[in-house]
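Everything below concerns the one structure shown next.
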Number of protein chains: 2
Amino acid sequence: MSPRRVTLADVAKIAGVSSTTASLVLSGRGRELRISDDVAQRVLKAADDLQYRPNIVSVGLRTGTTRTIGFVSDTVATSRLAGDMIKGALEAARARGVMLFIGETEGDPDLERGLLQAMHDRQVDGIILAAMFTRTIKVPKTITTAPAVLLNALPRQPSPLPSVVPDEVEAGRTAARALLDAGHRDGIHLIGAGPGRRDIPPGSVAAVERLLGIREELNAAGVKIASARVCRDWQPEYGLAATRELLETARPKALICFNDRIALGAYQVLDDYGLKVPDDVSVVSFDDHPLADWMRPKLTTVALPHYDLGRTAVDVLFAEMERREEETDHQGEIHRVPMPLRVRESISRPASAGDPMEAQHVSGAGLRESRGRDGR
Amino acid sequence: MSPRRVTLADVAKIAGVSSTTASLVLSGRGRELRISDDVAQRVLKAADDLQYRPNIVSVGLRTGTTRTIGFVSDTVATSRLAGDMIKGALEAARARGVMLFIGETEGDPDLERGLLQAMHDRQVDGIILAAMFTRTIKVPKTITTAPAVLLNALPRQPSPLPSVVPDEVEAGRTAARALLDAGHRDGIHLIGAGPGRRDIPPGSVAAVERLLGIREELNAAGVKIASARVCRDWQPEYGLAATRELLETARPKALICFNDRIALGAYQVLDDYGLKVPDDVSVVSFDDHPLADWMRPKLTTVALPHYDLGRTAVDVLFAEMERREEETDHQGEIHRVPMPLRVRESISRPASAGDPMEAQHVSGAGLRESRGRDGR
DNA sequence: TCGCATTGCTAATACGATTTAGCAACCTGC
DNA sequence: GCAGGTTGCTAAATCGTATTAGCAATGCGA
């Protein structure tokens, strides 16, 4: 490191006082320790003239507080959405004068252990253990060394660590309500999970909770799920296959797709069958992937609140650091972050509703398929 | 921080030696400073039994080396591609026992200054200054305090800092060659930039270089660019508009789209005009956005090497740290990282090539458009 | 005048590690 | 026996800061 930094000793020398006095003034304890205003002014001026900035490493060694947080995630190379979670955490951290270490486990427990150790060796003030896709995780034993928060994850076993997760149950309700509000009362099909509570891709927290919310909301309205299909992975090709299978037996009026990529696949098959979105079939989905805005018609979807998740995690971690010495045997609180509905163009009144709607939907083109020579 | 960490003093006490001796043994200098094997073994055993790990903050204060790197980016909330850059950097850093601080400037110079200061206050060993979209940047004066590297960016003014960027010129050549190799000799149109050197979106480094490579390769093959259109922003709607404008005056045989989102827009318009990809019009693009694999037919594209960019930046930063005391007036080296061609399904021989091709392309459907009531 | 309280600062210590100078004991050669 | 060299460790200093105990000077009241 060069050139040499200005130190507290430099400031003290210029101000003509001891390092102790300079430290007391600059840490705001001058008055408390009865340093005169004259001396205080001299110190403040010297520090300003020299552009003195404390060495955080030194402060950290002395105080045990480094103004850093560790952010350990299963992966950082994922969609734009997940980047928003890091962004939210970064901005909340910056607002509190704290920096973020970042590490990626790729789901490997050994890697996770190593990262946690590396962060503890650097005396992080706290740790955020994040999952880019909402899931349950095994809380590592070593994480209790410092305050910690689970982000987008729930603990598999009872744990004192607080969790911050999207409110997926309410999101399920929101998606169902969007269709109900448009007048849909039948012909509502699920693509991705359901109809039963256990008809979900293995280990998918989001599936369980979205399905729960959907079922509750439709049930409360006295509306039945016409059918549902599980997609074992929520990628476009699975949505496409499930929707094709559906269309072989039924003509849906509305689809609730369990995420936007599944909805993309559904759009493709609906077009194959000459069905128009949203005139013939309304579609609502989840996540608000950037894709949703590129599809035609643009997709109405319940957005994952990644940015707010990240921010909330930092806030909860700070609350945890402030209460650290109390109630270490309690069960960690779960903070649920709301998921807003992003209204676009993929929902209209049911085609059999009767009243012609002029403004409720805009006829548009979805993402186009080029028809090949074989007629597909 | 609780419970109390094991310290070197604890190890020394158990081993029955001074802290100095324990330190010399554990840092590998025991033999050099003539510590006996017997004593060394006692120290090593005690350290192992106690699971001693050095406090990096303490080591950092003494040595000026914290085993941390600062990664300052204009944004982290962007596509999956850019996450791969962080991922690459993380993995290279981990391989060297180094951790990454991350910070986001959002293009704000004040924010950037604050982040650099925060990282210097924490005594980072070096800094990577990254741009998520390749561009030229103004190198902040304060960054020279520690070793630094520009990632995915070039300095606006002469600077001693090395740069790591994708090899966009060669990528342009690769894209052009992909069409030439498929037999295309005419009817090649550019969507996004060109035809002249200066026909580019303002400030776009990638445009300049891709265009340069395309022009070189086509020129070397004696092939003319049939036409070109600038898109001021490389989003789907701009690709759509430019391609539609093209189709009002010409029937292209091949398109070089300057990125995948533009290609998505082009696909949509080609379908509107009843043109098949790749039977009627081959398409090649850049970036390898995940979208490329979802489009139908799947898009052949020259991939941004984000992962390798990130790794290379860490490698170059380490080289820079090792040579730090020499040649500080030199011009920073530019490291160009190759961009691989991802061959998929969007290129075939020109329709007028004569020989029927059976296996060169698979007829498939692109991302479909749902036609609305108004006939669009 | 003396004892006590207050004021305004400073020296010393601590944090946990690394680095350097130095010392006691031993050995070898003259 | 003595001088010089080697061995094998240790005490002290250092890094830069925060914290605590304490001291000299002053003022006030009995």
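Naming convention: chains lettered A, B, ... in sequence-line order (proteins, then strands); numbering from 1 in each chain. Just so it is clear, the model here is predicted, and its values are computed rather than measured.
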Review point. Between A/Asp125 and A/Arg67, is there a donor-acceptor pair closer than 3.5 Å when you use the side chain of the first and the backbone of the second?
Key: yes
Practice item. Check whether any side-chain N or O of B/Asp308 sits under 3.5 Å from a backbone N or O of B/Pro305 as a donor-acceptor pair, and report yes or no. Key: no
Point to revise | Contact state string [nucleotides 6-14 of chain D, B base, S sugar-phosphate only, - no protein heavy atom under 4.0 Å] | key: -BBBBBB-B
Practice item. Show the numbers, then the answer: is there a side-chain hydrogen bond (donor to acceptor under 3.5 Å, both in side chains) between A/Gln123 and A/Thr66? Key: CA-CA 6 Å; A/Gln123 307 282 90; A/Thr66 56; over 6 Å; no
Check your understanding: With side chains defined as the heavy atoms from C-beta onward, is the minimum distance between B/Asn152 and B/Pro166 less than 4.5 Å?
Key -> yes
Review point. Do B/Glu106 and B/Thr75 come within less than 4.5 Å of each other through their side chains, counting heavy atoms only?
Key: no
Revision key, fill the gap. A/Ile56 CD1 to D/dA18 P, in whole Å, measures 9 Å
Point to revise | Between P of C/dG16 and CZ of B/Arg67, the distance in whole Å | key: 22 Å
Practice item. Please report how far the helix from C/dT1-D/dA30 to C/dC30-D/dG1 bends, comparing the axis fitted to its first five pairs with the axis fitted to its last five, to the nearest 10 degrees. Key: 80°
Practice item. Report yes if some heavy atom in the side chain of A/Arg94 is under 4.5 Å from a heavy atom in the side chain of B/Glu104; otherwise report no. Key: no
Review point. Whole Å only: how far is the CG atom of A/Asp121 from the P atom of C/dG16?
Key: 14 Å
Practice item. Please list, chain by chain and in numerical order, all residues satisfying side chain to side chain donor-acceptor pair (under 3.5 Å) with B/Lys138, sequence neighbours excluded. Key: none
Practice item. Examine D/dA18: is either OP1 or OP2 under 4.0 Å from a nitrogen or oxygen in the side chain of A/Ser23? Give yes or no. Key: yes
Check your understanding: To the nearest angstrom, how far is A/Arg53 atom CZ from D/dT17 atom P?
Key -> 12 Å
Review point. Looking for any heavy atom pair under 4.0 Å, which part of the strands does B/Leu61 touch: base, sugar-phosphate only, or nothing?
Key: base
Study note, to complete from the structure: Which of D/dA18, D/dT17, C/dA17 is nearest the side chain of A/Thr63? It is D/dA18
Practice item. Rounded to the nearest angstrom, tell me the gap between atom NZ in A/Lys13 and atom P in D/dG16. Key: 14 Å
Exercise for review: State which residue, out of B/Arg5, B/Arg4, B/Arg53, fulfils the salt bridge (Lys or Arg N to Asp or Glu O under 4.0 Å) condition with B/Asp10.
Suggested key: B/Arg4
Point to revise | Separation of D/dG16 P from B/Gln123 CD (nearest whole Å) | key: 8 Å
Review point. Between B/Asn55 (CG) and D/dC15 (P), how many Å, whole number?
Key: 19 Å
Practice item. State whether the number of non-hydrogen atoms from other residues, nucleotides or ligands found under 6.0 Å of B/Arg31 atom CZ is greater than 12. Key: no
**Study point:** Any A/Arg29 side-chain nitrogen or oxygen under 4.0 Å from OP1 or OP2 of D/dA18
**Key:** no
